[in-house]
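A quick write-up on the structure given underneath.
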Amino acid sequence: MQVVPVPPWCLNFISPSLCRIYKKTSGNGSIALYLGKRDFVDHVETVDIVDGVVKVDPAELEGRKVWVYLACSFRYGSDDLDLIGMNYRKDIWIKRQQIYPVVGTTPANTPMQEALLKKCEDQGHAFTFNIDNNLPCSVGLQPAPEDVGKACGVDYEVKAYIANEADDPDEKINKKDTCRLIIRKIQFAPGTIPAGPQADISKNFMMSDKLVHLEASIEKELYFHGDPIPVKVKINNETAKVVKKIKITIDQTTEVLLYQADKYTKTVLNEEFAEEVKGESTLEKTFTVIPLLSNNKEKRGLAVDGRLKDEDTNLASTTLIRPGMDKGMQGILVTYKIKVNLLVSSGGLLGGLTASDVGVELPLVLMSPKPADVTDIKFE
């Protein structure tokens, strides 16, 4: 991908936040696909429109038409399966438009489309798609280091192609007659973040009426990826037993809904703190933890935010389900929880053999903050 200075025509027609252009050209050079961005934000009630331009050179069309589609698909197998006739993709949602020859009326062009149409002169044709707001965000399942091919998950694709019909199963479309760009549907953290949850438990032990009280809390409900998470822990040990250590874990639970009912949990953070709380004593302390994808690179099947090519990503953001939303359409649901556990020992030589856990769980929301505007332009 080449980075070039912002040309004057871009500054004249579109705002700096839109001055990044992505381009893909078909193998035969007859069509080229332009997009102003590849991340489209779900604002809960609405989703950014997908607006672009296709440049068409009619010389090589031979009477065929030019189409463009936007598809949301769930990939649940490797490309190798396609070689033996198995379908490894399921289209969740798809829309198509005829670009050339022009038919019907088209909506008003966006500033970015106006700029691109001026660049493409009379060969440019604008298109616009509206993404349903009940569709899933882009998310992938991390492959093992030895895996090859595209990862399983939910992705979005914009594809321009030359064909006689929009979707004729008997018509074979040559790869050189197509060009495509993968895009992402993403959500950013809301502007208002509620106060964090709190959980507590009191537990007694055999042959004792005394209790160990544990309380854990976090300051806010939502944290950004990569930010420290302070976990406040309060312990009141009324027993004669000893709290030997405190363990804090963060679990990611992934529910795959489309191809089978599959739900599994993977630990993305596991830290132990050698804090001893003797009998009839208390402790109040804050422990800071940071769940990172970089510490979980070897875990196959871990949910990660959708990525473009080989760029870095992060742990998958928490799936936000609005009232009335069809969970089955989401493809993959991701949730997190913090677990705080105390290892309580009887002390003495046999203390380790008679140890037991006291634990609580806290729900956690992980998301990305809204980024700053982009001001440079890229061609791909």
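When atom types are taken as modelled, the side chain of Glu171 and the backbone of Asn164 share a donor-acceptor pair closer than 3.5 angstrom. Here the side chain of Gln142 pairs a donor or acceptor atom with the backbone of Lys299 at under 3.5 angstrom. In this structure, the side chain of Tyr161 engages the main chain of Ala166 through a donor-acceptor pair within 3.5 Å. Here the side chain of Lys24 pairs no donor or acceptor atom with the backbone of Lys159 at under 3.5 angstrom. Looking only at distances, no side-chain donor or acceptor of Glu114 sits under 3.5 Å from a matching main-chain atom of Leu117. A side-chain donor-acceptor contact under 3.5 Å links Thr319 to the backbone of Val334. When atom types are taken as modelled, the side chain of Thr318 and the backbone of Leu366 share a donor-acceptor pair closer than 3.5 angstrom. Remark: the backbone N or O of Thr128 is paired with a side-chain donor or acceptor of Gln97 at under 3.5 angstrom. A donor-acceptor pair under 3.5 Å is absent between the side-chain atoms of Asp132 and the main chain of Asn134, judged by distance alone. Looking only at distances, a side-chain donor or acceptor of Gln113 sits under 3.5 Å from a matching main-chain atom of Gly52.
None of His225, Glu219, Glu221 except one satisfies the side chain to side chain contact (heavy atoms under 4.5 Å, CB included) rule with Tyr223; the exception is Glu219. Under the side chain to side chain donor-acceptor pair (under 3.5 Å) rule, Asp251 has a single partner from Lys337, Lys266, Lys339, which is Lys339. Screening Lys245, Lys285, Lys247 for a salt bridge (charged side-chain N to carboxylate O under 4.0 Å, His left out) involving Glu275 leaves a single residue, Lys285.
Between Thr178 and Arg180 there is no side-chain heavy-atom pair separated by less than 4.5 Å. Two residues are said to be in side-chain contact when any heavy atoms from C-beta on lie closer than 4.5 Å; Tyr100 and Val54 fail this criterion. Side chains of Leu342 and Asn237 form no contact here, defined as non-hydrogen atoms less than 4.5 Å apart. Here the side chains of Ile332 and Phe74 are in contact, with some heavy-atom distance below 4.5 Å. Within the 4.5 Å cutoff, no side-chain heavy atoms of Leu214 are placed close to those of Val243. Between Asp227 and Ile229, every side-chain heavy-atom pair lies at or beyond the 4.5 Å cut-off. Contact annotation: the side chain of Ile162 approaches that of Leu61 to within less than 4.5 Å [non-hydrogen atoms, C-beta and beyond]. With a 4.5 Å cut-off on side-chain heavy atoms, Lys37 and Asp39 do not count as touching.
For Ser26, the side-chain hydrogen bond (donor to acceptor under 3.5 Å, both in side chains) partners two or more places apart in sequence, or in a different chain, are Asn28. Partners of Phe127 by ring pair (Phe, Tyr, Trp, His ring centres under 6.0 Å), not counting sequence neighbours, listed by chain and number: Phe129.
Within a 6.0 Å radius of CD in Glu60, other residues, nucleotides and ligands contribute 12 heavy atoms or fewer. Within a 6.0 Å radius of NZ in Lys278, no more than 12 heavy atoms belonging to other residues, nucleotides or ligands are found. Within 6.0 Å of atom CD in Glu280, 12 or fewer heavy atoms from other residues, nucleotides or ligands are found, so the atom counts as exposed in its surroundings. A 6.0 Å sphere centred on NZ of Lys203 holds more than 12 heavy atoms belonging to other residues, nucleotides or ligands.
Between Thr46 atom OG1 and Ile131 atom CD1 the span is 11.0 Å, to the nearest 0.5 Å. Taking CG of Asp155 as the reference point, atom OG of Ser138 lies at 7.0 Å (rounded to 0.5 Å). Here the OG1 atom belonging to Thr288 is positioned 9.5 Å from the CD atom belonging to Glu271, to the nearest 0.5 angstrom. Separation of atoms CZ (Arg38) and CD1 (Ile183) is listed at 9.0 Å; rounding is to 0.5 Å. Distance check, rounded to the nearest 0.5 Å: CG of Leu181 to CG of Leu70 gives 11.5 Å. In this structure, CG in Leu292 is found 10.5 Å from NZ in Lys297, a value given to the nearest 0.5 Å.
The two atoms that bring Cys120 and Tyr34 nearest to each other are SG-CE1, 3.9 Å, heavy atoms only. Nearest heavy atoms, Gly226 versus Ile290: O-CG2, 3.7 Å. Listed here is the closest heavy atom pair of Val53 and Gly124: CG1-CA, 4.1 Å. The two residues Lys65 and Pro101 come nearest to each other via the heavy atoms CG-CD, 3.9 Å. Considering every non-hydrogen atom in both Val360 and Ile201, the closest pair reads CG1-CG2, 3.5 Å. The shortest non-hydrogen separation linking Pro136 to Val154 is CG-CG1, 3.7 Å.
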Task: Test log, rule side chain to side chain contact (heavy atoms under 4.5 Å, CB included), inputs Asp57 and Gln123 - done: CA-CA 6 Å; Asp57 181 356; Gln123 293 186 331; 4.0 Å; yes
Open item on the list: Before you tell me yes or no, could you show the steps for Asp357 and Leu343 under side chain to side chain contact (heavy atoms under 4.5 Å, CB included), namely the whole-Å CA-CA distance, both residues' side-chain angles and the distance that decides it to 0.1 Å?
Closed with: CA-CA 5 Å; Asp357 277 349; Leu343 181 64; 3.8 Å; yes
- [ ] I would like to know whether His43 and Phe188 meet side chain to side chain contact (heavy atoms under 4.5 Å, CB included); could you show each step before the answer?
- [x] CA-CA 8 Å; His43 302 280; Phe188 296 127; over 6 Å; no
Open item on the list: Between Tyr156 and Val50, does the side chain to side chain contact (heavy atoms under 4.5 Å, CB included) criterion hold? Intermediate values first, please.
Closed with: CA-CA 11 Å; Tyr156 288 79; Val50 179; over 6 Å; no
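Linking ILVMFWY side-chain heavy atoms closer than 4.5 Å, directly or via other members, places Val231 and Val212 in a single hydrophobic cluster. Cluster annotation: Ile94 and Ile182 are assigned to distinct hydrophobic clusters (Ile/Leu/Val/Met/Phe/Trp/Tyr, side-chain heavy-atom contacts under 4.5 Å, transitive). Residues Tyr69 and Val66 do not share a hydrophobic cluster, clusters being chains of Ile/Leu/Val/Met/Phe/Trp/Tyr side chains in contact below 4.5 Å. Leu222 and Val41 fall into different hydrophobic clusters, where Ile, Leu, Val, Met, Phe, Trp and Tyr are joined by side-chain heavy atoms under 4.5 Å apart, directly or via other members. Linking ILVMFWY residues whenever their side-chain heavy atoms come closer than 4.5 Å, directly or via other members, leaves Leu283 and Leu211 in distinct clusters.
If you check the side chains of Asp305 and Ser317, you find a donor sitting under 3.5 Å from an acceptor.
Ring geometry for Phe273 versus Phe287: interplanar angle of 30 to 60°, hence tilted.
Using a 4.0 Å cut-off between a side-chain N of Lys or Arg and a carboxylate O of Asp or Glu, Lys185 and Asp42 qualify as a salt bridge.
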